[in-house]
Amino acid sequence: MSTAFGDPDLVIVGGGPAGCAAALMAASLGLRSVLIESNDIGGRLHVIGALSNVPGDWTDGPSLAKALARDIQRIQGSGHCTVITGRAVAVSADSQSASVTLADGSAVTGNAVIAATGVASIAPAEAGWISAPAGLDPAPLWRARPADLKGRTCVLGGDRPLGTWLRAHPDVQRQLLVVHPATDDYKVAEVQQDSRVQLRRARHAALTPAPGGGYIVEVEGVDGSATAYACDTLLTNIGNRPAALPGLTAGEDGYCPSESQGPFITTAGDLRSARFQRIVTAQGSGAQAVLSCYYSTAVRATA
C-alpha cells in the first residue's frame, strides 16, 4: 500500500500509549510512519477512569487519550505520519523490509514494523480456575460504569484494575463480591481495607446463568468450603492475554519480547511482557523501539 509520502520508514501497529509514543519519536527524528489503529487513538485509555502514576498531572485516561490524539493530528499535519483505520491481522519480513497485512487483504510495507497491539481481556472459559458455558464473556470491570452495576455485583478475579476502578469512583458505595484465586492475593492486598469489597479466595468457581436472569457463582474455597452466590451483574477482572499477531515470535506465555523478533520487526508496550504493563512503561518502550530501528538503520546504511 502506498501512503501520501511513499513507502514509510516505520509501520506502527496500535494507537495506544506505546504506538503513539513511537509515532512521536519517529517524527522527532524526521522519520515517516504509518500508524494502524482499528479504533480510536488512545486505545484503552478511553475507559480508564483514574490515573495516579503517569507524570504530567494526568488524573484520568480519557484526558490523556485526547492529548495523544492531538499529538498524532499534529504530526499528521507536518507530513510525518499517516493514520490508517483498519485491523492488522499479520506481520512479516523479508531480507529488506517488513509489512503488515490488514483484514481487507491489503498490506502496508516499510523499512521496519513496530507491533504495539497490547493485550486483550481473558474470558472466563480461558481461566484455569473457572468453569463457564461456552460463549459466556461478561464485560471487563475496567470498562464498567457505576450505572452498569445492577443488584448484587460479582467480580471474577482480583487483577489490578480493581483498585483503579475503586479509586476512580470513590463515591460509589455499591458492594463488590470479588472471587479470586490465591495467586491474586498480592494484587488484592491494596483493596483489603476498602469496605466496598468482599473478597472470596477460590480454588475453583463455576458460573451458571440463573433461570430468572443473572448468574449463580458456585465457589469452592481454598479451605474446601462450598458457597453459591446469586448475582445480578457479572464482571471479569481475570487479567489479560497478549494480542499477538501471526508472524510475531511469542514465548511460552504468549508474550512477544522485542529481542525475540526477527530483523525489521520489534514490539512495544504491554505486548512485550506481563510484568511491565503500565502506561509509562508502554510509552518508554515505544520510543525505545523507534530509536533501536533508527540506529540499526544508520548502521546498515554506513556498513
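Using a 4.5 Å heavy-atom cutoff, the side chains of Thr267 and Ile114 are not in contact. In this structure, the side chains of Thr153 and Leu235 come closer than 4.5 Å at one or more pairs of heavy atoms. Residues Asp148 and Pro146 are not in side-chain contact: their nearest non-hydrogen atoms beyond the backbone lie 4.5 Å or more apart. For the pair Val91/Thr101, no side-chain contact is recorded, criterion being any heavy-atom separation below 4.5 Å from C-beta on. At a threshold of 4.5 Å between non-hydrogen side-chain atoms, the residues Tyr229 and Leu177 count as touching. By the 4.5 Å heavy-atom criterion applied to side chains, Val108 and Val113 are not counted as neighbours. Contact of the Pro8 side chain with the Thr82 side chain is not registered, since no non-hydrogen atoms from C-beta on lie closer than 4.5 Å. Two residues are said to be in side-chain contact when any heavy atoms from C-beta on lie closer than 4.5 Å; Leu102 and Val89 fail this criterion.
Between the side chain of Thr85 and the backbone N or O of Ser38 there is no donor-acceptor pair closer than 3.5 Å. Side chain of Arg196 to main chain of Leu166: a donor-acceptor pair is present (N/O by atom type, distance under 3.5 Å, no hydrogens or angles). Within the 3.5 Å criterion, the main-chain N or O of Gly269 finds a donor-acceptor partner in the side chain of Arg272. Between the side chain of Thr117 and the backbone N or O of Ala243, at least one donor-acceptor pair lies under 3.5 Å. Within the 3.5 Å criterion, the main-chain N or O of Gly15 finds a donor-acceptor partner in the side chain of Glu37. Checking side-chain atoms of Asp7 against main-chain N and O of Gly110 turns up no donor-acceptor pair under 3.5 Å. The closest donor-acceptor contact from the side chain of Trp129 to the backbone of His180 lies at 3.5 Å or more, if one exists at all. Side chain of Asn237 to backbone of Asp159: a donor-acceptor contact under 3.5 angstrom is found.
Side-chain polar atoms of Ser99 and Ser92 form a donor-acceptor pair below 3.5 angstrom. Residues Thr227 and Arg200 have side chains that bring a donor and an acceptor to within less than 3.5 angstrom of each other. Residues Ser97 and Thr109 have side chains that never bring a donor and an acceptor to within less than 3.5 angstrom of each other. For the residue pair Trp142 / Ser121, a side-chain donor-acceptor distance below 3.5 Å is found, with atom types taken as modelled. With hydrogens and angles left out, the side-chain atoms of Gln277 and Tyr255 include a donor and acceptor closer than 3.5 Å. Using modelled atom types, one finds a donor on one side chain and an acceptor on the other under 3.5 Å when comparing Ser131 with His204.
The cluster map of Ile, Leu, Val, Met, Phe, Trp and Tyr, joined by side-chain heavy atoms under 4.5 Å apart, puts Phe276 and Val54 in different clusters. Residue Ile48 is not grouped with residue Trp165 when hydrophobic side chains (ILVMFWY) are merged at heavy-atom distances under 4.5 angstrom, including chains of intermediate members. In this structure, Ile122 is a member of the same hydrophobic cluster as Leu136, with clusters built from ILVMFWY side-chain heavy atoms closer than 4.5 Å. When the side chains of ILVMFWY residues are joined at heavy-atom separations under 4.5 Å, either directly or via intervening members, Val188 and Val222 end up in two distinct hydrophobic clusters. Hydrophobic clustering of Ile, Leu, Val, Met, Phe, Trp and Tyr side chains at less than 4.5 Å, counting indirect connections, keeps Tyr186 apart from Leu162.
Between the CZ atom in Arg145 and the NE2 atom in His169 there is a gap of 10.0 Å [rounded to 0.5 Å]. For the atom pair CD1 of Ile75 and OG of Ser33, the computed distance is 5.5 Å after rounding to the nearest 0.5 Å. Residue His80 holds its NE2 atom at 11.5 Å from CG of Leu24, rounded to the nearest 0.5 Å. Annotation: the span from Gln76 atom CD to Leu35 atom CG amounts to 8.0 Å, rounded to 0.5 Å. Here Leu45 contributes atom CG and Asp60 contributes atom CG; the two are 9.5 Å apart, rounded to the nearest 0.5 Å. One finds the OG1 atom of Thr266 at 7.0 Å from the CD atom of Gln261 (value rounded to the nearest 0.5 Å).
Arg87 CZ: 12 or fewer foreign heavy atoms inside a 6.0 Å radius. Enclosure of atom CG in Asp57 is not indicated, since only 12 or fewer non-hydrogen atoms of other residues, nucleotides or ligands lie within 6.0 angstrom. Other residues, nucleotides and ligands contribute more than 12 heavy atoms inside 6.0 Å of the CD atom of Glu259. The number of heavy-atom neighbours closer than 6.0 Å to CZ of Arg203, taken from other residues, nucleotides and ligands shown, is above 12. Within a 6.0 Å radius of NZ in Lys187, more than 12 heavy atoms belonging to other residues, nucleotides or ligands are found. A 6.0 Å sphere centred on CD of Gln73 holds no more than 12 heavy atoms belonging to other residues, nucleotides or ligands.
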Applying side chain to side chain contact (heavy atoms under 4.5 Å, CB included), run through Leu156 and Val178 and close with a yes or a no. CA-CA 6 Å; Leu156 297 171; Val178 179; over 6 Å; no
For a side chain to side chain contact (heavy atoms under 4.5 Å, CB included) check, start with the C-alpha distance between Leu51 and Ile279, then their side-chain angles and the critical distance, and finish with the verdict. CA-CA 9 Å; Leu51 299 178; Ile279 294 169; 3.5 Å; yes
Pair Gln283-Val280, side chain to side chain contact (heavy atoms under 4.5 Å, CB included): steps then yes or no: CA-CA 5 Å; Gln283 291 175 317; Val280 290; 4.3 Å; yes
What verdict does the salt bridge (Lys or Arg N to Asp or Glu O under 4.0 Å) test give for Asp232 and Arg152, after you've listed the backbone C-alpha separation in whole Å, the side-chain angles of each residue and the deciding distance to 0.1 Å? CA-CA 5 Å; Asp232 302 287; Arg152 186 172 198 173; over 6 Å; no
Test Val119 against Leu271 for side chain to side chain contact (heavy atoms under 4.5 Å, CB included), laying out the working first. CA-CA 6 Å; Val119 293; Leu271 180 63; over 6 Å; no
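Residues Val217 and Cys154 approach most closely at CG2-SG, 4.1 Å, considering heavy atoms. A pairwise comparison of heavy atoms in Ala132 and Leu207 identifies CB-CD1, 4.0 Å as the closest pair. When all heavy atoms are compared, the tightest approach of Ala244 to Cys256 is CB-SG, 3.6 Å. Across Gly118 and Asp270, no two heavy atoms sit closer than the pair CA-CB, 4.2 Å. Between Val100 and Ala88, the closest heavy-atom pair is CG1-CB, 3.6 Å. Taking every heavy atom of both residues into account, Asp104 and Ser106 meet most closely at OD1-OG, 2.6 Å.
Contact check on Glu220 versus Arg201 returns no salt bridge, with no Lys/Arg side-chain nitrogen under 4.0 Å from an Asp/Glu carboxylate oxygen.
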